[in-house]
Amino acid sequence: MMIEKISKIFHDKFNEDALIVRSPGRVNIIGEHTDYNDGFVLPAAIDKAIYIAISPRNDDKICLHAVDFNEDFNCTLSTIAPSKQHWPNYVLGIVDQLQKKGFELKGFNAVIDGDVPVGAGLSSSAALECATAFALNEMFGLKLYKLEMVQMAQKAEHLFAGVKVGIMDMFASMFGKAEHAIKLDCRSLEYEYIPLHLNNIKIVLFNTNVKHSLASSEYNVRRQQCEQGVEWIKENYPQVKSLRDATIEMLDECVLSKDALIYKRCKFIVEEIQRLLKACEDLKQNDIQSLGEKMFLTHEGLSKEYEVSCKELDFLVESVKNNNAVLGARMMGGGFGGCTINLVKEDAIDNLVNEITEVYQREMKLPLTTYIARIENGTEIIQP
Ligand code: GAF
């Protein structure tokens, strides 16, 4: 349906056929804020995606249209710079990366559409960056590897959106595989697909429908706090390059007496990396109960130690904690809003959704949106 819709809009606007690329949003089962600490993450691509329809031009113009916002954006290849309009930056950031790599591009027309809710922490921006990189690579025959495109997308986000994100979101969007989670080592970038045999359990996302303004500034602050912790450890243990190499004993020795807040941040990360490794074993053993318990612990750490949660996220996790149909739940992604991820027994979903929608609306005075996430393939061409 999405293909027909975007094809038609593209045709009406530019009067020609387009190459169409789909790039999905993502969930992350466990391993939060570990990517920029050289740790591991366990994301998966979902059935909600960004679509880009694109065709080359003979001049150096870039003409973009975003269906959701019903907005156009035009510029030329020689005037690429971050725009005040938010959404074009994810496309322009990729063009900028390609130019910095020395590719001589031509102009292009593009229409962007999708069903990844914006601001829900499902990585619509990473999906748009990956879709753009993949589409330009294909259209101009640039011969880039997927990993190169992922790294360019990450840099685009740093430079054109101003958030020093890790690599997880782009990697998940590009490398996703249906019915599998990706265990990614964010240091070596080696990865392993782990089958998600969840049987009668589904991944349910509860969208708080809030995105607090702290999200990007506090994200960058957390990164700095982790780096500060590493600096102090290095004074005694020069071999430690990131929190991936640190132990709780090292933190006790080198960080605790210097700054209790930074200690708390670093401790969460060191524990979260360990927790993720054990959670991957749970998944391989099909022990979803044990995986779910770890998700609750992750939430506790993100809320109390890393302090990237908010009252809406805490409320949602608290509301399902004692429900036997919910095996695990936690806030997901950068924090300060977005979704919680819940592992829920299939036959209990309808009742649970009704119940949580009502209490959330009543207590938080906000609507709740619910998605059941199916795990799908990563970035792909859907119309050549
Ligand atoms: C955001 C970032 F983009 C990711 O790189 C990751 O750090 C995540 O927050 C937290 O795990 O989604």
Side-chain angles (χ1 to χ4, degrees), residues 23-46 48 50 89-90 93 116-130 150-176 181-187 189 191 205 207-208 211-212 214-227 242-244 265-266 268-273 275-276 279 294-295 298-299 301-303 305-310 313 330-341 373:
S23 199
R26 63 101 189 89
V27 290
N28 185 26
I29 314 265
I30 200 163
E32 218 63 91
H33 288 271
T34 44
D35 59 354
Y36 54 84
N37 287 300
D38 278 352
F40 294 83
V41 286
L42 191 62
I46 59 174
K48 296 201 169 289
I50 297 289
N89 285 329
Y90 304 108
V116 191
V118 173
L122 301 179
S123 299
S124 57
S125 54
L128 176 52
E129 288 152 354
C130 288
V150 165
Q151 288 168 324
M152 288 167 56
Q154 187 188 7
K155 285 203 189 108
E157 184 103 13
H158 290 185
L159 296 178
F160 276 61
V163 190
K164 288 208 74 194
V165 293
I167 202 164
M168 168 169 75
D169 302 348
M170 299 79 189
F171 199 98
S173 187
M174 188 70 84
F175 283 89
I182 311 168
K183 179 187 175 191
L184 171 65
D185 178 338
C186 299
R187 168 171 274 167
L189 299 180
Y191 61 99
L205 305 174
N207 185 358
T208 58
K211 185 172 187 210
H212 295 292
L214 287 171
S216 48
S217 56
E218 285 297 307
Y219 186 93
N220 290 342
V221 169
R222 291 300 174 281
R223 239 190 126 124
Q224 284 160 10
Q225 290 170 328
C226 293
E227 281 160 16
S242 65
L243 289 180
R244 162 78 172 269
R265 305 286 193 250
C266 296
F268 167 76
I269 297 296
V270 171
E271 287 175 351
E272 179 71 354
I273 295 173
R275 195 158 34 230
L276 177 139
K294 293 186 177 67
M295 289 169 69
T298 291
H299 183 79
L302 287 166
S303 177
E305 296 180 325
Y306 215 61
E307 293 180 283
V308 291
S309 187
C310 59
L313 289 165
R330 62 178 197 83
M331 58 148 280
M332 189 178 73
F336 303 102
C339 291
T340 63
I341 175 170

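Read the numbers this way: they start at 1 and go in the same order the structure lists the ligands and their atoms.
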**Asked** Once the angle between the rings of H33 and Y36 is folded into 0 to 90°, is it parallel (under 30°), tilted (30 to 60°) or perpendicular (over 60°)?
**Response** perpendicular
**Asked** With respect to atom 11 (O) of ligand 1, which of M170, H33, R26 exhibits the smallest heavy-atom separation?
**Response** H33
**Asked** Thinking salt bridges, do R187 and D35 make one under a 4.0 Å N-O criterion?
**Response** no
**Request:** List for me each residue that meets salt bridge (Lys or Arg N to Asp or Glu O under 4.0 Å) alongside K294, sequence neighbours excluded, and say none if there are none.
**Result:** D282
**Item:** Which of the ligand 1 atoms, numbered from 1, are nearer than 4.0 Å to a heavy atom of G166
**Value:** 5 (O)
**Side chain to side chain, K211 and F336, heavy atoms closer than 4.5 Å** = no
**Asked** Does G31, backbone or side chain, put an N or O under 3.5 Å from an N or O of ligand 1?
**Response** no
**Request:** Provide the number and element of each atom of ligand 1 under 4.0 Å from a heavy atom of G333.
**Result:** 9 (O), 10 (C)
**Message:** Only heavy atoms of M168, strictly under 4.0 Å: list the atoms of ligand 1 that pass.
**Reply:** 6 (C), 8 (C), 11 (O)
**Message:** Between Y90 and F160 (judged by ring centroids, cut-off 6.0 Å), do the two rings come close enough to count as a pair?
**Reply:** no
**Message:** A cation-pi test, strictly: NZ or CZ of K164 under 6.0 Å from the centre of the six-membered ring of Y219 and no more than 45 degrees from its axis. Yes or no?
**Reply:** no
**Item:** Atoms of ligand 1, numbered as shown, that sit under 4.0 Å from any heavy atom of Y36
**Value:** 7 (O)
**Asked** What is the closest protein heavy atom to atom 12 (O) of ligand 1, and at what distance does it sit?
**Response** D169 OD2, 2.8 Å
**Asked** Taking N or O atoms only and a 3.5 Å limit, does N28 qualify as a polar contact for ligand 1?
**Response** no
**Request:** Can you sort out which atoms of ligand 1 are near D35, meaning under 4.0 Å from one of its heavy atoms?
**Result:** 4 (C), 5 (O), 6 (C), 7 (O)
**Item:** Residues E307 and R222 bridged, charged N to O under 4.0 Å
**Value:** no
**Request:** Would you check the N or O atoms of Y219, main chain and side chain alike, for any that come under 3.5 Å of an N or O of ligand 1?
**Result:** yes
